[in-house]
Amino acid sequence: FFIFIFSMFNFDIQAFYDALDQHFTACDNAATEAFLKAQLERVDELGILLGVGGGCPACRTEEDDQLTEQERKLLIQRSEARIAVLNETACFYRGISRFKPCIEAFEALMAEMEFCGLNGTEQYALAVINMAGAYRLLCEFDRALELFDLAQGILDQLGSSNDYGYASLYNNRGLVYQDQREWPKAAEHFEKALDIADDGGLTVRFQDGSVETVQSGEVSVRGMYGYV
């Protein structure tokens, strides 16, 4: 049975990103949305076959039977693919100002990451920063700042003080204060972002391995897999 499921589930994350980039290049939002929905349905097939959480391992309840080790490995493999799709889905909806499905996708993303034990990681913190950015665009500034505080707490616990996570945190929190017309606070956080590199630039390694220096004050997080 498990060999059958392994053969059914073959999701190439790099191929997913390549195809998604082609959709973005075509500038067809309807086609991009359809592609993302289809990919999410595809990765949900494994959970449905196993009969766990209605296809969503993060939705599993205490009443469900305990996962066997083999089931857990399968579901974590499926969750890793689902994380990639949910992250891009949330950022896509944020980019086209459809905030209700954006927030829903971010919430599902973080639940999936928690299932995989990724809460407390920089990837989780970046997902929180991304969702906070959506709340900022909704002008829900208190909620955005609350999420930024959560992200900073994670980054502080990791003990890293000079990386992309902090640069994006300071930059995006500064945008909230800018929207609130709290200029001194905005300037303070933008300056912190710029201090990440002496020349005002931030060295970013993209998924394809290429490296580029961008201006920290211009950084806007697309997704946790876009920058590492």
Side-chain angles (χ1 to χ4, degrees), residues 4-49 55-58 73-99 101-113 115-118 121-131 133-134 137 163-165 167-168 172 201-215 218-228:
F4 168 73
I5 292 179
F6 268 121
S7 67
M8 288 283 291
F9 187 71
N10 181 19
F11 190 90
D12 187 329
I13 292 180
Q14 184 59 58
F16 160 71
Y17 283 122
D18 292 342
L20 181 61
D21 286 342
Q22 291 179 6
H23 281 287
F24 284 147
T25 299
C27 299
D28 187 336
N29 289 338
T32 301
E33 181 180 20
F35 170 76
L36 288 167
K37 285 183 176 180
Q39 297 303 302
L40 188 58
E41 291 174 0
R42 182 182 171 200
V43 298
D44 280 345
E45 289 176 358
L46 178 60
I48 293 171
L49 284 171
C56 170
K73 287 180 180 178
L74 280 167
L75 288 174
I76 288 178
Q77 178 187 0
R78 201 279 315 213
S79 284
E80 289 172 351
R82 196 166 191 262
I83 285 168
V85 177
L86 283 169
N87 181 72
E88 293 299 331
T89 298
C91 293
F92 165 72
Y93 282 128
R94 187 182 64 178
I96 62 173
S97 300
R98 290 180 57 186
F99 296 114
C102 168
I103 297 297
E104 291 173 351
F106 273 129
E107 289 174 345
L109 166 65
M110 285 189 284
E112 204 75 45
M113 295 181 77
F115 172 80
C116 291
L118 294 174
T121 65
E122 185 172 7
Q123 289 87 351
Y124 188 85
L126 290 176
V128 173
I129 291 170
N130 275 326
M131 185 162 76
L137 294 172
D163 61 9
Y164 176 76
S168 61
N172 283 280
L202 177 68
T203 300
V204 177
R205 180 178 292 107
F206 293 90
Q207 186 185 348
D208 63 3
S210 62
V211 176
E212 181 179 342
T213 298
V214 298
Q215 294 303 307
E218 299 171 355
V219 170
S220 178
V221 184
R222 170 187 171 188
M224 64 186 172
Y225 290 101
Y227 309 99
V228 295

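This is a predicted model, so every value here is computed, not measured.
Put simply, the side chain of Asp28 does not reach to within 4.5 Å of the side chain of His23, judged on heavy atoms. In this structure, Ser97 and Leu137 have side chains that are not in contact, with every pair of non-hydrogen atoms separated by 4.5 Å or more.
Scanning both residues, Cys102 and Ala90, for their nearest heavy atoms gives SG-O, 3.3 Å. Across Leu36 and Val85, no two heavy atoms sit closer than the pair O-CG1, 3.8 Å. Annotation for Phe16 and Ala84: closest pair CE2-O, 4.0 Å, computed over non-hydrogen atoms. Residues Ile13 and Ala81 share a closest heavy-atom pair of CD1-CA, 4.2 Å. Scanning all heavy atoms of the two residues, the minimum distance from Ala127 to Met110 falls at CB-CG, 4.3 Å. Among all heavy-atom pairs drawn from Glu88 and Phe24, the shortest one is OE1-CE1, 4.5 Å.
With respect to the salt-bridge test (charged N to carboxylate O, under 4.0 angstrom), the residues Arg78 and Glu112 qualify.
Every residue two or more places apart in sequence or in another chain was checked for a side-chain contact (heavy atoms from CB on, under 4.5 Å) with Ala34, and none qualifies.
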Practice task
Dump the intermediate steps for side-chain hydrogen bond (donor to acceptor under 3.5 Å, both in side chains) on Asn29 and Glu33, then the final yes or no.
Solution key: CA-CA 6 Å; Asn29 289 338; Glu33 181 180 20; over 6 Å; no

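In this structure, the separation between CG on Leu109 and CG on Asn130 is 8.5 Å, given to the nearest 0.5 Å.
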